[in-house]
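Keep in mind the model is a prediction, meaning the values are calculated, not measured. In the text below, chain A, chain B and the rest are named by the order of the sequence lines, each starting its count at 1.
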Amino acid sequence: MSIKPGIFLPELLRHLFKKPVTVKYPFEKDPVPKDFRGNVVFDPPKCIGCMICVNDCPAEAIDIIRVSETEKKFKMILHNDRCIHCAQCVDSCPTKTYHMDGEFETAVLNRHQLKIEYK
Amino acid sequence: MEFKVALGPQHPALHEPISLRMTLEGEIIRDADLKLGYNHRGIEKLAESRTFIQNLYLTERICGICSFSHQTCYTQGVEKLMELVPARRGLYIRTLICELERVHSHLLWLGVAGQEAGFESFFMYTWRDREVVMDILDWITGNRVHYSMNTFGGVRRDIDELQKKKILDTLGLLKTRTEYYLNIGASEPTFANRLAGVGKLSKEKAIALCAVGPTLRASGVPMDVRKDDPYAVYDEIPFEVATADSCDVLGRAVVRVKELLESYKIIEFLLKNLPEGPFKVKAPRKVKENEVYSRYEAPRGENVHYIKSNGSDKPERLKVRAPTLANYAATIAMLKNGFIADIPLIFAAIDPCICCAERLVQLDNPRSGESKVLSFSQLRAMANDRYKKINFKKKDSAWPF
Amino acid sequence: MAILKPLLYILVYPGLIFLLVYSTFCEWFDRKLYARMQNRIGPLHTGRSGILQPVADIIKLFAKEDIVPEKADKHMFSALPVFSLAIVCTAALYLPVWHYSEAPSFNSFSGDLIVLFYLLSLPTLIFFLAGWHSTNFFSAIGGVRVLTMFFGYEIPMLLALLSPAVLADSWRILEIARFYQNRPLLMLVNIIGFFIAVIALQAKLERVPFDIPHAETEIVGGQFTEYSGKKLAFFRLLGDIEMVVGAGLIAAVFMGGFPGGLLPGLAWFILKTLFIIFLLTAMRAALSRIRIDQMINFSWRWLAPLAVLQLFIVIIIKGMEL
């Protein structure tokens, strides 16, 4: 291929009159895709307490605790500071108790706020 | 006058910690050495204490750029251990993600080459167009970096007609842009003269030093796991192995751009011939006792996982050989007798992924420079000693750093 | 009144205050243009479309911790940034932006072209000293590269500046400018020299493709590796002001200067310097950094012979005219 000095210049000058491609992020947000893996959401009534999610979670972020002695009722504690958003729990659950939402701005100042309880 | 100097572990040219020890004579490098072990994460040990399913996500996190390579390599190994035949549609989708990842990784590399050579506009433009691939990956897998698409017996998500159409539509754009960058890279005199003739690695030397990936192929050796030992559905796909004969950094750039163009063809073929049917089959949880050696052609070269199972749901041993590790010996040979100005380019030309390759840590005494070897029992005694000394009542005393 | 005008000249326009304001504006212009060429936005939030960003950067640097290396020569290390800033600010006084009188004054006399050129060369030497006195490996390599490059671009630049002076038959910038104001067509004769001077100015400013002395990916910060805080702020300001003064020098010598007294002169000054800065920015965006040996090769194989050719053309034209 031949050597041409300044071959990039036309492209550069053309873009002087074009809108920048940068998204002004905190002010404008791009939509997340349909199947985005955001935060884990738990639906307590559906849970049967099989503990597959607890065993499969690679980050050990899920605790399932039996609430009442007599009834089959469970609560879930999600340690969102450990969660790696892989959605394995969604795949593993036999009763479709889990789903992922589209939230991605999960930063907080105190990690204890990331401990979420679903009753 | 010769003097010794260390580049790194913190240096703007290095995105990850590694130390390059140079013996310089003016601007010319007379001797080079590497020191690794700044970012050892203990992944192999951690893998032994986790189930096969949990390790899917652990192996994915070995690397950020070629996350899918490590995960697929591991998944294929475990599938062989399970004697499981994955679903055909799942294999097609898996191969599709492999190629999309190769596209994003090579576009990333082009940008990095521009940045290391001080060609910032080139860097900005290639990375802008890389976002197109990242968006596709985000769209079909649900995340930009860690796709988490693999599972034993196939993939975790199907792709629908709309996604298929969108990918096919964007391929044209990517193809024209890639050809444009090839033209720019080879025609812009300041850039092409920085790349041409730099970091020579002859064919014989490349083979002798066990180089892998584009580094090897740029020295004229058509070696590609996808062709030599086909995994997934690569035996059904027509494609060519890109090579170059110039044996320098420009050759490595050309190989990568050619591979990009091949990848677009592969993606098109895969989408047009996507078979119907289920995308995954059910996999057993326990794996019987066996061992397996899994190979995968990552964007950076041949990636190898060795997995040994003992009949439980956890692996007994997982050994990872990232492609960067295989290229270090060749890097040292390439650096010798080069200029200081070429260090970042030569080093970037192997597309180093330093933290992926860290499998060992060596502790030297900083004062005397001595290193010592500890046996496992000694190490354990040291750990116990240290544990006993910790005052748990004091806040933050368990992790003093 | 006789004292007031020089005082205004030194302190307000085109002296210190104007220079500080205008050089930060030029940096913003350069950065914004560079970003837009790369399809980015560039500075955005500080002031209207980020116009105050360079000022904010400098204020931030002034507030940062100022570290002097233990092994460095403390006095030289601290004095060099101030010296170099003072030198380029002095150089700015020789730009013919506000000269009413024909009579020679302290800032306009026969030979001020050479003085201005000399003052613009001094920062290069100071960069070398700064690198050398930092006692850091990267700084030392940067300093040596500064000097090596200096031998590459300085002579072509001087030769390029010489040819319009020869054609105008004067060593006084004001008279050179006036000569081309009266006969604008003769500016076209110096077109080769103009481009050589712009390229050499790019090298003097150490910007891509000639940012070899402080090539970030190779030798970290080059001669500025050990500098931080206020001292680094001085060096950054120095770069901006040098860009304005260099662009002003080329505009005055090659493009007919800044005629029309105070306000029209100011308008011409801004217009012409911005045009040259646009050229410098386009060059920065379109090219990649070259190696030091390639730079020396380039300047002696292309720049210097072309500058000599330009001189020959000028001499022939001058002979035809007479």
Side-chain angles (χ1 to χ4, degrees), chain A residues 1-16 18-23 25 29-40 50-62 82-94 98-104 106 111, chain B residues 46-47 50-61 71 114 119 121-122 124-125 127-129 131-132 135-149 151 156-160 162-163 177 180-193 196 250 254 280 285 313:
Chain A
M1 248 169 262
S2 60
I3 292 291
K4 296 174 204 127
I7 187 173
F8 212 7
L9 209 54
E11 178 90 352
L12 297 173
L13 295 180
R14 200 160 59 83
H15 280 90
L16 267 183
K18 280 194 170 182
K19 204 171 166 291
V21 79
T22 318
V23 180
Y25 162 59
K29 285 173 193 166
D30 267 1
V32 292
K34 181 170 65 61
D35 296 327
F36 183 75
R37 301 197 306 272
N39 281 344
V40 176
C50 66
M51 298 299 208
I52 294 179
C53 51
V54 179
N55 290 332
D56 274 357
C57 179
E60 295 165 12
I62 298 171
R82 283 187 228 150
C83 180
I84 57 171
H85 306 275
C86 64
Q88 178 62 41
C89 44
V90 181
D91 281 15
S92 292
C93 187
Y98 290 93
H99 71 269
M100 307 292 270
D101 65 6
E103 192 57 48
F104 59 94
T106 51
R111 69 179 289 187
Chain B
L46 190 58
R50 281 159 184 258
T51 62
F52 281 104
I53 288 185
Q54 287 176 329
N55 278 335
L56 268 178
Y57 306 102
L58 181 68
T59 47
E60 192 180 23
R61 276 156 180 81
Q71 202 191 24
F119 199 177
S121 307
F122 191 72
M124 292 288 174
Y125 275 93
W127 279 43
R128 182 194 72 182
D129 295 328
E131 283 302 304
V132 177
D135 282 346
I136 293 177
L137 281 167
D138 188 11
W139 210 50
I140 60 180
T141 68
N143 231 321
R144 276 163 61 90
V145 178
H146 292 305
Y147 319 121
S148 303
M149 269 298 260
T151 188
R156 290 171 62 195
R157 288 172 184 203
D158 202 2
I159 61 171
D160 56 28
L162 191 69
Q163 287 168 326
R177 292 306 298 180
Y180 179 72
Y181 294 132
L182 178 64
N183 187 21
I184 293 281
S187 303
E188 170 58 46
T190 50
F191 192 50
N193 286 341
L250 186 62
V254 169
K280 66 174 169 190
R285 286 199 168 249
D313 59 347

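A donor-acceptor contact under 3.5 angstrom links the side chains of B/Y57 and A/Q88, judged on distance only.
Residues A/F8 and B/Y125 bring their aromatic ring centres within 6.0 Å.
Residue A/K34 holds its NZ atom at 6.0 Å from CG of B/D160, rounded to the nearest 0.5 Å. Separation of atoms CG (B/L56) and SG (A/C86) is listed at 9.0 Å; rounding is to 0.5 Å.
For CZ of A/R111, the number of neighbouring non-hydrogen atoms (other residues, nucleotides, ligands) closer than 6.0 Å is 12 at most.
Annotation: side chain of A/I84 is in contact with side chain of B/R61 (closest heavy-atom distance under 4.5 Å). Between B/R285 and A/N55 there is no side-chain heavy-atom pair separated by less than 4.5 Å. B/M124 has its side chain out of reach of A/H15: every pair of non-hydrogen atoms, C-beta onward, lies at least 4.5 Å apart.
Contact count versus chain A (heavy atoms, under 4.5 Å) is highest, among B/R157, B/E131, B/R156, for B/R156. Here B/D138 is the residue among B/D138, B/D135, B/T141 with the most heavy-atom pairs under 4.5 Å with chain A.
Across all non-hydrogen atoms, the minimal contact from A/D56 to B/Q54 is O-CG, 3.2 Å. Considering every non-hydrogen atom in both A/F36 and B/N143, the closest pair reads CE1-OD1, 4.2 Å.
Under a 3.5 Å cut-off, the side chain of A/R37 and the backbone N or O of B/Y147 do form a donor-acceptor pair.
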